[in-house]
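For reference, the structure discussed in these notes is given below.
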Amino acid sequence: MSNVVFVCDEIQLIGDGSRGKHVELLLSVLKRTGWYQFIGLSAVMDDVGAQQLAYWLNLTLVKVDTREKSLTIEGRWRNGHLIARSTPNGIEPLHQLPTVKEMELNGMIQELVALEKKPVIVFCMKVDDCYDLAEKWATTQVDTQSIEAPAGLDLDTGLLQLINKRCAFHNAELSESERAFVEDLMKAETVDVVFATSTLAAGVNFPLGSAVFSKWKRWDFDKREHVPIRRDEFQNMAGRVGRMGQGTGEGIVLATAGGASDLTLLQQLMDFSKRETLGVGITPTDFGSLIIQLFAGGLCTTRDGAFSLMSSTLSASREAEKGVGNVEHWRPHLNQQIDRLINTHCLIETKTRIVVTEFGKAVARSGLKPETVEHFLHYLNEHGEQAAHLLPTPEQEGRDDDLLFIFAHGSLLSPEFTLTGGPRTRNISYRFNRYGVVANPQAEALDTLLFERPWIADPSAANGARALSEWAAGTDRETLEQLVPDVRLGLIENMARDVSWLLAAVAEVIGSSSSLTLADAARHPLLRSTNPALLHIRKFSRVLRRYAVRIAYGLPSECHWLKELELHGPAKRLTRMQIVSIHQQGISRPHLLMDGSVEMDVLRQAALPKVGRVSYANQVRDAARNWKVDQRRHFRRRHEKKADMHGVRNIISDLYDMKGKRLETAVINAFQDLGINCSVLDDGTKPAWPDLKIEFAASGMASDIVAEVKSKDRETALVSLNDAIEVVSAAAIAGLSGTPVTTICSPGAEPSIPTAISGCNHLSVVELMDLAEAYLRIKDGNLTIADLHNWLTTPGIALTEDLPFNNF
């Protein structure tokens, strides 16, 4: 790192109670490693904290007391007003004037609008205030414009009505696309006033002419009273106004005080000459999420080594200064967390050192609590076989939506959302439990298979899973927002993001730490070959990953490919609402969407009506025709460039160019180049036999793999489900039942295949592009033969995203 410059913006986050510990640990490691130069930036750090941080990092402290542009904060009360100003010439003394000014919120907003200090941001301490105050302001306004939502944008109708009165609200309960739309309107100067929550508003970086604090106190659940927000939060929010590159005038911020005591508190918040004390990032309660990273990252191998590293943090030095000059009282807490990691099979302690297990490495990479993975492992161990009966197979449709509900419910009950194994890492909005348990037919029908019974015991988890299940099925916004009272689409999206991350992480841990190439003793007890449930546990690795994608997109599995289509128009991608519309018309399969017949044209136009001169129906038809072609060209260019570095251009070119038996030869050559021999099983004399046996066993792996190579002559054609599963019966005919089987597809596989093969025990399907990626990663040294074997023997669709990369 000696030639690297690091720039860390908002470095005061090192003292943040929730995020600071990760920032501080990273800086502690970087400090040990060294750098060419380090630049930390903050606008709200107090002098003492800044000096402590600079000394700890061995850096020079640079302090600038002036702003590039002037900012004025007015604190108004019934007998006058306060003025605080920060200018390019310095901070002016805080002073009080007897002039009484407008204190009613709408009056202050109108005052700023009249001064052309637009857009005005109104900081709200509660989400509900955003809606209520926006509505109250809107009653004083008239429609002055007729804004239409862009094609495919699922926009709240109430928000659109406000926008046409040149105002809006902006908070975490809006969807990402809604927030982006509001921000675009502000940049385009078509919104004059926006009502935003403080947590969200603190991070905005678009032009703001002025701001008003509707309140500056927030409810403290511990103290059971309203308390002022921190000075750094107040000043950071106020500092969003009047920034470089945002207009020519100075920024103005207004706030009010109800009485003399409030005025004193407001004066403290407004004082530019003072900063909030730097918070404490790392405390013993945080050790649980940090210790595993230290060992998995190879930063220490003993208890003393871990304690030494934790003792080198800024928090430790500050803690030592307050006490007896050291942090020896941290040692029992650290030992307790190491014991916890040993008990959860993440660490092994010998007489001389502590070793990280493969399970522990996977858990560290995932960012999960070990208890969360065990939460799923214990469930699959007990109920995996029953749950597997609900999986779709080529012979049965299965109950995919029901299974997704089960795992969404289990995710919301997991330790990430509770205090098990340490502080919560994720939270469920109180709105999901505000009115108790809602009707839940899925939960009632699946009660015996749920992670926790009775399902009504935790209303938040039950209601959240209900919303996520419908979201992942492609349900429309109107229906979704009627499921749980007061829960908007944005809240469902936020929960979906958390649960999607969790399921993908659990899938990665199970997939990598259950590899058949690992010695039994090195695996978690529930992932050992002696466990009869292992087959079902491994199978659910890819099922959970697929559910993670379903929940992330809010779409059925067969529609995921539509997210990859590249349009040639104002919008480059289809929105969820447009994809749902295509699915409802029954044309979400590639061959139907690219069909140019009159019948299909009618269905496409019904799903995607023309907007102005833009024909989305035609764009999608063309994009579907080019989907796999463009995808292959992109990956081919990347793969051939990398292949040139290893002198294997001919192998990669043959994988992409060849068809039929010649493709089989290209696949054999690729494996042989990796030192893996392939036997030809179908030599023309044995009808219905599979094509190849990939002899991994000779390389020390647990088993060989029987493979079928399927290709289509046209680049737009895809391997069908029947072709993809043919290898299962072919292996049985060859007397190789029970051997892992895989189908290699070129140019690709039908999008319906991942769902349809979920219930198959030994079958994996891999597209040629993904196989080429795995081959090149081995050539790069970023993937092992054991990783490749595990990837191909895990049931389900083998994707590039499943490949491990740069392991600890």
Side-chain angles (χ1 to χ4, degrees), residues 43-48 63-118 120-125 129 133 137 193 195 198 201-202 208-220 225-243 246-277:
V44 293
M45 191 178 293
D46 72 311
D47 289 345
V48 174
K63 182 180 176 183
V64 180
D65 286 321
T66 59
R67 287 173 55 90
E68 301 91 340
K69 294 177 64 176
S70 295
L71 174 64
T72 298
I73 304 180
E74 283 191 16
R76 300 179 175 184
W77 68 308
R78 62 177 180 268
N79 294 327
H81 67 280
L82 291 168
I83 296 289
R85 293 194 79 229
S86 179
T87 75
N89 295 321
I91 297 172
E92 297 181 359
L94 192 71
H95 60 282
Q96 185 172 330
L97 299 173
T99 312
V100 177
K101 293 193 172 185
E102 176 67 62
M103 290 183 62
E104 195 272 328
L105 181 61
N106 279 1
M108 291 191 292
I109 297 172
Q110 184 58 54
E111 177 184 327
L112 294 170
V113 170
L115 291 171
E116 293 295 322
K117 293 294 184 180
K118 300 180 291 187
V120 182
I121 184 167
V122 181
F123 293 126
C124 305
M125 296 296 109
D129 287 348
L133 297 176
W137 167 257
V193 186
F195 297 79
S198 58
L208 295 172
S210 57
V212 182
F213 281 85
S214 66
K215 295 176 183 176
W216 40 269
K217 289 184 178 181
R218 188 180 291 126
W219 181 255
D220 187 306
E225 63 178 348
H226 286 92
V227 300
I229 61 178
R230 283 172 56 96
R231 183 190 282 114
D232 54 354
E233 184 180 0
F234 182 92
Q235 294 182 356
N236 207 11
M237 292 160 65
R240 299 292 119 183
V241 174
R243 308 184 82 187
Q246 298 181 1
T248 56
E250 72 172 28
I252 299 179
V253 180
L254 305 181
T256 61
S261 60
D262 268 5
L263 184 63
T264 301
L265 295 172
L266 180 57
Q267 183 173 341
Q268 294 171 359
L269 296 178
M270 291 172 54
D271 191 348
F272 284 115
S273 66
K274 293 184 173 62
R275 299 284 186 269
E276 195 68 65
T277 302

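- Judged as a salt bridge (charged side-chain N to carboxylate O under 4.0 Å, His left out), and not counting sequence neighbours, the contacts of Arg230 are Asp232.
- Note that the CG atom of Leu269 and the CD1 atom of Ile229 stand 6.5 Å from one another [nearest 0.5 Å].
- Between the side chains of Ser273 and Asp271, at least one donor N or O sits under 3.5 Å from an acceptor N or O.
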Could you walk me through whether Lys215 and Lys217 pass the side chain to side chain contact (heavy atoms under 4.5 Å, CB included) check?
CA-CA 6 Å; Lys215 295 176 183 176; Lys217 289 184 178 181; 5.6 Å; no
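- Of the possible donor and acceptor atoms, none in the side chain of His95 sits under 3.5 Å from a partner among the backbone N and O of Leu82.
- Only one option out of Arg231, Gln235, Met237 pairs with Glu233 in a side-chain contact (heavy atoms from CB on, under 4.5 Å); it is Met237.
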Side chain to side chain contact (heavy atoms under 4.5 Å, CB included) between Phe195 and Val120: does it pass, once the steps are laid out?
CA-CA 9 Å; Phe195 297 79; Val120 182; over 6 Å; no
Applying salt bridge (Lys or Arg N to Asp or Glu O under 4.0 Å) to Lys101 and Glu74, what does each step give before you reach the verdict?
CA-CA 10 Å; Lys101 293 193 172 185; Glu74 283 191 16; 3.2 Å; yes
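- Evaluation of the salt bridge (charged side-chain N to carboxylate O under 4.0 Å, His left out) rule for Asp46 yields no partner, not counting sequence neighbours.
- Looking only at atom types and distance, the side chain of Arg85 has a donor-acceptor partner in the side chain of Thr72 under 3.5 Å away.
- A salt bridge does not link Arg76 to Glu102: none of the charged nitrogens lies less than 4.0 Å from a carboxylate oxygen.
- Residues satisfying the ring-ring contact (aromatic ring centres under 6.0 Å, His included) test with Phe234, not counting sequence neighbours, are Phe213.
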